[in-house]
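The shown structure was predicted, so the numbers you read here are calculated from the model rather than taken from an experiment. Note that ligands are numbered from 1 as they come in the structure, with each ligand's atoms numbered from 1 the same way.
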Amino acid sequence: MCGIVGAVAQRDITPILLEGLRRLEYRGYDSAGVAVLTSAQQLLRVRAVGKVAELEKALQATPAVGHLGIAHTRWATHGKPAEHNAHPHLSAGLAVVHNGIIENHAPLRKKLIDLGYVFTSETDTEVVAHLLAHHYSQSQDMLGAFRATLNDIHGAYALAVIHESEPNTLYCSRMGSPLVIGEGSGERYLASDPLALLQVTDRFRYLEEGDYARISLDSCDVWDRDEQQVDRPITRYEHAAHSLDKGEYRHFMLKEIFEQPQAIRDTIAGTLGDDHVLTAILGPDAETRLVDIANIHIVACGTSYHAGLVARYWIEAQAGIPCQVEVASEYRYRTVVVPKDTLLITISQSGETADTLAALRYAKDQGYLATLAICNVAGSSLVREADWRLLTHAGPEIGVASTKAFTTQLVALLWLTTALAQARGQQEFVARNVNALRGLPAMIEQVLTLEPAITELAQRFANKHHALFLGRGTHYPIAMEGALKLKEISYIHAEAYAAGELKHGPLALVDDDMPVVSVAPSDSLLEKLKSNLEEVRARGGQLINFACETIEPTSDSSIQTISLPWVEDCISPVLYTLPLQLLSYHVALVKGTDVDKPRNLAKSVTVE
Ligand code: G6P
């Protein structure tokens, strides 16, 4: 999705802006632009459709050098991807970049046209530029004009503005879209994601909803939505030490798949006692209230939703607590019935997904016992707004298709299940989960050695257009995640079914052109799954079986089996995720798609 970078310094800031945009590329975008205030105190704007590299080329033709500037990567919402729609948008000596959607842009546009403003784009953002210019023309006071503009607009936004009359000042605001202020030595920056600024600083001020700020070389003033000046403390970015390069790997996705043992080690570090979990990490209030939880609602999007679906099986089976799971885009718009003492859990890699954040805010008025965010980004909006938090420590995830974020979410959810079981005296599960979690990173290392066999298998998908994924129990959501991965990055249409549903429809699709991937660990449902697989075989389906090594291999050439080591049931969903990630990665390689930045998708979906 869209990205914002801004900087004020005593040196040329264009390289900082460009590097910032490069670091935001992973989020998905279709055009990019930059506006810099030159030494002649004039705004110079350069924009280009396509990759940041295209913008760099355009900047070679028209060099932009200055000490103040803003830059943007756009993901089209209002108006097609085209240079005239790319940000920044200009009006009367000012430049604006914007993430989000201005919902009342249509009446504002009409009003501004009546006032004589000429629009050169179809974007909602250009309304902000002209509106701000209009207010400034009345008062000659930028801060007042910015405030008045914010009062006029409705919707979701992160905004950054510069004006020719103030060569050392950035203005910015956030409402529904993330924005941070970076503190350098003698210079300041802003960005929609701290990752853009780790090149220059690891110290950030996180703006709260409705905040607006005036940032210069020697000061940083922030006001809240009630126009009260507030102090937003500087915090250090936790993942600053993580490398943001691909290193020896061809793609970020592959690097992130192989980082999973370490990401899981980091996520469980400090959370496990001898044969129990350390619940104090949720905070003292949470520790005492775990025992009160009578119901759980889990809300999330995409891959994070699949993590929630696995957790429902665990929570109900081990802690005996009723649990329901829902996608955030549905939950936020319906009337929810919240039984007494219900915990709301939101799961998100980024902590900025618009629907998940809106769901959390909606939940706050629904009478929940408490809200808990499971998240990979410590300073994110979701983490700051939830009552309790459980951080995953996957490190920055750059590939659009989520991998290590998902498995660390599963680990956090298994930890939570264990804490709930512990609070309810279900000791039989506690020690077993703790042991299994301890051994998990090493098991994952073992499973990753299957890569060569999976690479070979991927060739079978080269000419396929459809695939089915089957699983049962906790492995049904894993099959869903496998299908999602395959469609996201290889563009092969893939669907997942609970294997027992096969004969209620999807079996009609099975023929020798349909690969059927089954997730078949050695658990209590294995025999049932085997019967379902027979149904596929009898119809000539091409079976690809990810099975436990304890299962007798078959000599049938229509079945290709990849064997995984035996593990405890509780961690099996984590382990079986890995070969499915590797499969989709290698199929995407065969297909020649853009693995890290698949078409039409964004890493962090910060608008509805
Ligand atoms: C986007 C990403 C997915 C992710 C989903 C939810 O669609 O491409 O990989 O699962 O958003 O993101 P979150 O950051 O809330 O986990």
Provide, to 0.1 Å, the distance between atom 5 (C) of ligand 1 and the closest protein heavy atom, together with that atom's residue and name. C301 O, 4.1 Å

Judged by non-hydrogen atoms, does L601 sit under 4.0 Å from ligand 1? no

Give a yes or no on whether the backbone of A300 and the side-chain of S304 come within a donor-acceptor separation of less than 3.5 Å. no

Hey, do the aromatic rings of H493 and H465 have their centres closer than 6.0 Å? no

Got an N/O contact under 3.5 Å between A602 and ligand 1? yes

R232 to Y206 six-membered ring, cation-pi geometry met (6.0 Å, 45°): no

Counting from 1, what ligand 1 atoms have a heavy atom of T303 closer than 4.0 Å? 10 (O)

Honestly, for K603 the part within reach of ligand 1 (heavy atoms, under 4.0 Å) is backbone

Could you see which bit of A405 sits under 4.0 Å from ligand 1, with heavy atoms only: side chain, backbone, both or neither? neither

Based purely on interatomic distance, does T356 place a nitrogen or oxygen under 3.5 Å from a nitrogen or oxygen of ligand 1? no

Under 3.5 Å between any N/O of S348 and any N/O of ligand 1: does that happen in this structure? yes

Would you call E25-K51 a salt bridge at under 4.0 Å N-O? no

Kindly compute the distance separating NZ (K591) from CG (L589), expressed to the nearest 0.5 Å. 12.5 Å

Provide the number and element of each atom of ligand 1 under 4.0 Å from a heavy atom of S402. 9 (O)

Among all protein non-hydrogen atoms, which one is nearest to atom 12 (O) of ligand 1, and what is the separation to 0.1 Å? T353 OG1, 3.3 Å

Backbone N or O of F252 within a donor-acceptor pair of the D596 side chain at under 3.5 Å? yes

How does V400 reach ligand 1, by side chain, by backbone, by both or by neither, if only non-hydrogen atoms under 4.0 Å count? both

Atom 14 (O) of ligand 1: the protein heavy-atom neighbour that sits closest, reported with distance to 0.1 Å: S350 OG, 2.6 Å

Do you know the tightest heavy-atom contact between S572 and H475? OG-NE2, 2.7 Å

Closest approach of Q199 to I16 (non-hydrogen atoms, all atoms of both residues): NE2-O, 2.9 Å

Go through ligand 1 atom by atom and flag the ones less than 4.0 Å from a non-hydrogen atom of V605. 1 (C), 7 (O)

Are Y362 and Y331 an aromatic pair by the rule of ring centers under 6.0 Å? yes

At less than 4.0 angstrom from any non-hydrogen atom of S304, what atoms of ligand 1 do you find? 10 (O), 13 (P), 16 (O)

